[in-house]
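Structure record follows, encoded as structure tokens.
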Amino acid sequence: MRWSQTFIPTLKEVPADAEIVSHQLLLRAGLVRKLTGGLYTFLPMGLRALTKVANIIREEMDRAGAIEVSMPLLQPVDIWQASGRYETMRDALYKVKDRAQKEWALCPTAEEVITTLAANELSSYKQLPKNFYQVGTKFRDEIRPRFGLMRAKEFVMKDAYSFDTTDEGAMASYRKMYDAYTRIFARCGLRSFAVEADTGVIGGNHSHEFMIPAETGENDVVYCEACNYAANVEKATSALPPTAARELGAVVEKFATPGVVTIEALTKDPYKVAANRQIKTLVYIADSQPVLVLLRGDDQLNEAKFMARTGAVAARPATAEEIVPLLGARPGSLGAVVNVPKGVRVLADERLRGANDMTTGANEDGFHFRNVSMERDIQVTDWFDLRTVSAGEPCPKCAKPLKIRRAIEVGHVFKLGTKYSEKLNATFLDEKGQRAPAVMGCYGIGVTRTLQAVIEQGNDKDGILWPVSVAPYQVCLTPLVVTPGSAPMELAEKLHSELTAAGLEVILDDRDERPGVKFKDSELVGFPLRVGIGEKSLAKGEVEFKPRGGALEAVKVEDIAPKVIAWVRGELAKLR
RNA sequence: CGGGACGUGGCUCAGCCUGGUAGAGCGCCUGGUUUGGGACCAGGAUGUCGCAGGUUCAAAUCCUGUCGUCCCGACCA
């Protein structure tokens, strides 16, 4: 390919819209252009890199025994109603109406479609297991599109769905995908790691997310360097002991705390109640029902855990206007000792189990209770792990201190069980002629997000540092004189056909630009290898061999082609 | 949706506070000089200052509304 023939609109300045490096480079290197928030046009270089990622995924999915299909992007809403996700996906689901005012959904993911297919086509254990995958556009009505391709309204996803006859079979399918994912990200040149994850609205009971460590990531990951425990904060636990029991005061005692509405204020004079001796009482509205949540004063509620434990579809903190008629006091004086209306669930965090000598709100503005015992004085409906883990707490597996870091989620594997197969009738007949729902798994990779993660992880002050496996072109030939018939141009053209014939992907910068411009552009776009051909070095029978991010090397003209070929193949081999 | 910031040529921004009818750099076009790290000189094109109201003799500038973008939070590949 000739540079002048393709389209690589590079930008010298950082676009005002882009905050994080990968987003800036996506724009500056001419890989994509924004149509509007969350919607991007892929330009030739971006498309090539994206296709490379997609093809690596295809190869590994195929290797793992999955089979590629392509499902409709426009889906009937009735299957969404049948699965129950028409409700749970809610606003994230794009809906469109046709001329008859009938409603359709734009595919955000395809469990419903594939399960419908399975229901119709997979009827015998002899046909299982099967794992279907596709690579294609997905739509989500994101509340806030962000960071370029990282969180877009429309994005490319690889989604796969496995159907097994047994739970063990499903676990094996899961494991295969887990291993395939590990290979996929390694081949994309990414340092990735898997973490235990919350399953969210997709459902299921076993799940890992694949993470790329990056400060700009949207996830907090808790991990242990000693034993490899790693989990999304939404899921992470720690081995902190429950609150120590103390000698219990005689009875619950009410005391005045005028103006005290925070845990912090109660720790100060004249009260001096340590935060870890307070019970924090939160009121949430979960699926329209008020729920009290009790945590230790120094703990934070983990909303993901709250959602998971309660099975709520939607939850939010209650407003003061909702709380006052419910408990008789304003936030800051709430508690669960008295005045808890019948039927209102009281959820307590495990860390409060057995706690006594605690202080909590009296459900009366300006008053608190002391000498409170969880067991004796509070009617707890359910005990759950609801707190958010912080760095330094003991690892749940080996008790060494946990760490927390930010990361980008690029893939997610779920064991779904029979949630969808039951609702959408994806059953099969087993060896004994018994009908049973298929045991499913689903597996996603954000292809566009992975592409951006590659850039986020591989860049320097000059531009992108592509791994050869993902680079839009592997080699950039840079003749410094482009006059037809000139020695540099002739050699560049000869090398172009020679390298291309050897299966390499080569771009020839035939633009009549000054050397500085061509060098800067090739580094910005990030081609892994540049071969510089100038008249001076050519006079000595040499050309320049310059790996991106590496040192420049003078190479004899007759040696350059084999050297380039060997280099590219060598780099590629490292990523297998 | 809540909180914050910002909308001025293709891009990055100044001008706004203190109203007087729009500027710079980059990019683009023409000619010339250059030619190993984002060249130089000369000339040129490109703006209903996001949009709609209002105040005023006069609005990019002040006021109101609205739309859009970006950042923080809820959502997720």
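Every chain is numbered from 1 and lettered A, B, ... according to where its sequence line falls, protein lines coming before strand lines.
- Using a 4.0 Å cut-off between charged side-chain N and carboxylate O, Glu59(A) and Arg187(A) make a salt bridge.
- As a whole-Å value, the separation of Ile57(A) CD1 from A77(B) C1' is 10 Å.
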Step-by-step ring-ring contact (aromatic ring centres under 6.0 Å, His included) determination, Tyr161(A) to Tyr420(A): CA-CA 11 Å; Tyr161(A) 309 89; Tyr420(A) 294 90; 8.9 Å; no
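- Taking atom OH of Tyr133(A) as the reference point, atom C1' of A77(B) lies 17 Å away to the nearest angstrom.
- The partner of C70(B) is G4(B), by the rule that a Watson-Crick or G-U pair needs both atom distances under 3.5 Å.
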Contact state string [nucleotides 36-44 of chain B, B base, S sugar-phosphate only, - no protein heavy atom under 4.0 Å]: BBBB-----
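- Pairing for A59(B) is absent, with no Watson-Crick or G-U wobble pair whose two atom distances lie under 3.5 Å.
- Spacing between U35(B) and C40(B) at atom C1', rounded to whole Å, works out to 12 Å.
- Between Glu154(A) and Lys138(A) no salt bridge is recorded (no basic side-chain N to carboxylate O distance below 4.0 Å).
- To the nearest angstrom, P of C26(B) lies 22 Å from CG of Leu27(A).
- Here the nucleotide nearest the side chain of Thr36(A), chosen from C11(B), C76(B), G68(B), is G68(B).
- Rounded to an integer number of Å, the gap from Asp141(A) CG to C1(B) C1' is 13 Å.
- Nucleotides A45(B) and A39(B), compared at atom C1', are 22 Å apart to the nearest Å.
- Here U69(B) presents its P atom at 10 Å from OH of Tyr40(A), a figure rounded to the nearest Å.
- A 3.5 Å limit on both hydrogen-bonding distances identifies A42(B) as the Watson-Crick or G-U partner of U30(B).
- Within 4.0 Å (heavy atoms only), Ala16(A) reaches sugar-phosphate atoms of the nucleic acid but no base atom.
- The side chain of Arg144(A) places no N or O atom within less than 4.0 Å of a non-bridging phosphate oxygen (OP1 or OP2) of C76(B).
- Rounded to whole Å, the P atom of U8(B) lies 16 Å from the corresponding atom of G68(B).
- Under a 4.0 Å N-O distance rule, the pair Glu196(A)/Lys235(A) does not qualify as a salt bridge.
- With Tyr40(A) as the aromatic partner, Arg33(A) does not meet the cation-pi criteria of under 6.0 angstrom to the ring centre and within 45 degrees of the ring axis.
- Taking the charged nitrogens against the carboxylate oxygens, Glu523(A) and Lys520(A) have no contact shorter than 4.0 Å, which rules out a salt bridge.
- Within 4.0 Å of Phe139(A), counting heavy atoms only, lies no atom of the nucleic acid at all.
- Taking atom CG on Asp220(A) and atom P on C72(B), their separation rounds to 13 Å, with Å as the unit.
- Atom C1' of G54(B) sits at a distance of 28 Å from the matching atom of G9(B), rounded to the whole Å.
- In this structure, Tyr94(A) atom OH and C76(B) atom P are separated by 16 Å, rounded to whole Å.
- Residue Val14(A) is classed as a sugar-phosphate contact, given heavy-atom separations below 4.0 Å to backbone atoms only.
- If you check distances only, the side chain of Arg151(A) does reach the base of C76(B) with a donor-acceptor pair under 3.5 Å.
- Using cut-offs of 30° and 60° on the angle between ring planes, the pair Phe163(A) and Phe132(A) is perpendicular.
- Spacing of C1' atoms, G3(B) relative to C76(B), comes out at 22 Å, to the nearest Å.
- Near-neighbour residues of RNA chain B inside residues 298-312 of chain A, defined by a heavy atom below 4.0 Å, are absent.
- For the pair Glu142(A) and Glu19(A), nearest-nucleotide mapping onto RNA chain B gives the more 5' position to Glu19(A).
- Among the heavy atoms of the strands, none lies under 4.0 Å from Pro108(A).
- Using a 4.0 Å cut-off, some side-chain N or O of Arg146(A) falls inside it from OP1 or OP2 of G73(B).
- One P atom belongs to A24(B), the other to U64(B), and the distance between them is 33 Å to the nearest Å.
- Summarising the base pairing, A14(B) is matched to no nucleotide, lacking a Watson-Crick or G-U wobble pair whose two defining distances lie under 3.5 Å.
- C17(B) and C67(B) have their P atoms separated by 27 Å, given to the nearest Å.
- Side-chain contact check for Ser4(A) and Asp510(A): at least one donor-acceptor pair (N or O, by modelled atom type) lies under 3.5 Å.
- Using a 4.0 Å heavy-atom criterion, one finds that Lys158(A) contacts no nucleic acid atom at all.
- For the C1' atom pair drawn from A22(B) and G15(B), the interatomic distance equals 8 Å after rounding to whole Å.
- Taking the six-membered ring where the residue is Trp, Trp3(A) and Phe527(A) present perpendicular rings, their angle passing 60° and hence far from 30°.
- Here Glu19(A) does not pair with Arg146(A) in a salt bridge; the nearest charged N to carboxylate O distance is not below 4.0 Å.
- Using bins of under 30°, 30° to 60° and over 60° for the plane-to-plane angle, the ring pair Tyr94(A)/Phe139(A) lands in the perpendicular bin.
- Residue Ala152(A) is classed as a base contact, given a heavy-atom separation below 4.0 Å to a base.
- Between Glu322(A) and Arg316(A) there is a salt bridge, with a side-chain nitrogen of the basic residue lying less than 4.0 Å from a carboxylate oxygen of the acidic one.
- Each of Glu513(A) and Ile20(A) lies near RNA chain B, and the nucleotide nearest Glu513(A) is the one positioned closer to the 5' end.
- The residue Asn232(A) sits apart from the nucleic acid: no heavy atom pair falls under 4.0 Å.
- The CD-P distance, from Gln24(A) to U12(B), rounds to 12 Å in whole Å.
- As the counterpart of C51(B), G65(B) is assigned, both hydrogen-bonding distances of the Watson-Crick or G-U wobble pattern falling under 3.5 Å.
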